[in-house]
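Notes to accompany the following structure.
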Amino acid sequence: MKRSLLAWLRCPVCRSRLSVNSELDEIQTGRLTCTQGHAFPVLRGIPRFVSQDAYTSSFSYEWDHFRKTQLDSWTGRSDTRDRLQASLNFPLEQLQDKLVLDAGCGMGRFAEVVQRFGATYVGMDYSYAVDAAYRNAGHLPGVHFVQADIFDPPFADGAFDLAMALGVLHHTPDPRAAFQSLSHVVKEGGQLTITVYDAGNKVYVANSRFWRRYTTRLPRRVLHVLSFAAVPLYSLWTLPRLGWVFRSMAFISLERDWRWRVLDTFDWYSPRFQSWHTHHEVFGWFKENGFESIEVLAPSVSQIGTKVKARACAE
Ligand SMILES: [Zn+2]
C-alpha cells in the first residue's frame, strides 16, 4: 500500500479518515485505524476491508490461475487498451491527471494502461484477485489496490473523476444496489462507465441458466479442466452453417486466443452470481443516481454517464 492512497481512503463503517501505523511510503504489513477506532489490516501490501472473499471465491481462483492472460504487456497485443477505450467516450489521452477507480479490478488488467496514460489508478476487488493484481502492477507509481466490498467502498464520497465496473455488477447479488454505492464515490462532473451482460439474447440466457445450475457446484479444478474443451470445440462452434446449432446448446468462448477461450469459458460457468440486463434498465440506474449525458457504448450492454448531482441524502 502506498501512503498516498490515504488521501482518498475512508472507513467503510463510519466514513471518517484513516491513518496507518507505519512511516514507510510502501507499506507491506500494517494497521489502518479510523478516528472512531475501527481497524483494518494491511496484508501483503494491500489494505483489507473484508476478511474473506465470500461470493467472489471463483474469481480468487480464476485470477490466481490466469494472472497474466489478459495483460497487454504480456500478450504484446492491445486488447486491454482497446477494451478500455471502448468503455470511454473520450480518447485515452484525456485520462491524464485523473483519479480512476476500477471496481472489480480482478488481476488489474487495466492498471498498466490507465497508468501509462498518466492517471492515478485504484483497483478494488472483493476477491483475492487483488493479490494477483498487486503482483502484476503494484510496483507501478500511481497504482493502488484494495480488497473491499463494492456495497461499502472505502473511499471518500465524490473522490473519483472516473469509476468503472466493466463486467462486474452482474456478478454481484444486487447489481442495481452495487451501481448506487459506486455512484457515491464519483465526483460531480465525473463519470461512471459500466458493462453488464446483455439480456437480449434469450438463447444464451436460457442456456446459461440451465448449465450453470451444475457448473457453479463443480470443484473449481474440475471446471478449469472442462474449460479446456473450448479449445477444440471452437472449430465446431464456428462452423459456417452448423455452428449456430452448437452455439444454441451451450456457451463456449469464441476468442481467437485459446488461452482467453479457456479463461472466458471458466469465467462464464464459475461465478456464484450472473445476471442479465437491458439498456433501458441500465439507463434507469444512471438517471436515478443523478447522472446525465448518458451514452450507449459498443460492448453490449455498456453505458457511460456524467454525474451532475452529489449524493441526495448525506450520511
Ligand atoms: Zn470508522
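The ring-ring contact (aromatic ring centres under 6.0 Å, His included) analysis of residues 69-114, with sequence neighbours excluded, yields no pairs.
Ring pair Tyr214/Trp211 is perpendicular by interplanar angle, where above 60° counts as perpendicular and below 30° as parallel. Between Trp268 and Phe251, the ring-plane angle classifies as parallel under the 30° and 60° cut-offs.
Looking only at side-chain heavy atoms (C-beta outward), Thr195 and Val301 stay at 4.5 Å or farther from each other. Side-chain contact between Leu166 and Arg83: present, with at least one pair of heavy atoms (C-beta onward) separated by less than 4.5 Å.
The distance from the CZ atom of Phe291 to the CD atom of Gln191 is 9.5 Å, given to the nearest 0.5 Å. Atom CG of Asn201 is separated from atom CG of Asn207 by 9.0 Å, given to the nearest 0.5 angstrom. Between the CG atom in Leu99 and the OH atom in Tyr121 there is a gap of 12.0 Å [rounded to 0.5 Å]. In this structure, Phe145 CZ and Asp102 CG are separated by 8.0 Å, a value rounded to the nearest 0.5 Å. With rounding to the nearest 0.5 angstrom, the NE2 atom of His65 is 12.5 Å from the CG atom of Leu263. In this structure, Asp161 CG and Gln94 CD are separated by 12.5 Å, a value rounded to the nearest 0.5 Å.
In summary, the side chains of Arg220 and Ser57 do present a donor paired with an acceptor at a separation below 3.5 Å, with no hydrogens or angles considered. A donor and an acceptor atom, one from each side chain of Asp72 and Ser78, are nowhere located under 3.5 Å apart.
Note: the hydrophobic cluster containing Val185 does not contain Leu88 (ILVMFWY, side chain heavy atoms under 4.5 Å, direct or indirect links).
The ring of Tyr128 has its center no closer than 6.0 angstrom to the ring center of Tyr61.
Between Arg10 and Asp152 there is no salt bridge, since no side-chain N of the basic residue sits under 4.0 Å from a carboxylate O of the acidic one.
Here Phe66 pairs with His224 under the ring-ring contact (aromatic ring centres under 6.0 Å, His included) rule; sequence neighbours left out. In this structure Phe117 satisfies the ring-ring contact (aromatic ring centres under 6.0 Å, His included) test with no other residue, sequence neighbours excluded.
Each of Phe273, Tyr197, Tyr126, Trp276 was evaluated against His171; a single residue qualifies, Tyr197, per the ring pair (Phe, Tyr, Trp, His ring centres under 6.0 Å) test.
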Carefully, step by step, assess Ser208 and Gln274 under the rule side-chain hydrogen bond (donor to acceptor under 3.5 Å, both in side chains).
CA-CA 9 Å; Ser208 184; Gln274 184 190 69; 2.5 Å; yes
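What you find for Glu188 and Val308 is that their closest heavy atoms are OE1-O, 3.6 Å.
Using modelled atom types, one side-chain atom of Thr238 and one backbone atom of Tyr234 make a donor-acceptor pair closer than 3.5 Å. A side-chain donor-acceptor contact under 3.5 Å links Arg261 to the backbone of Arg256.
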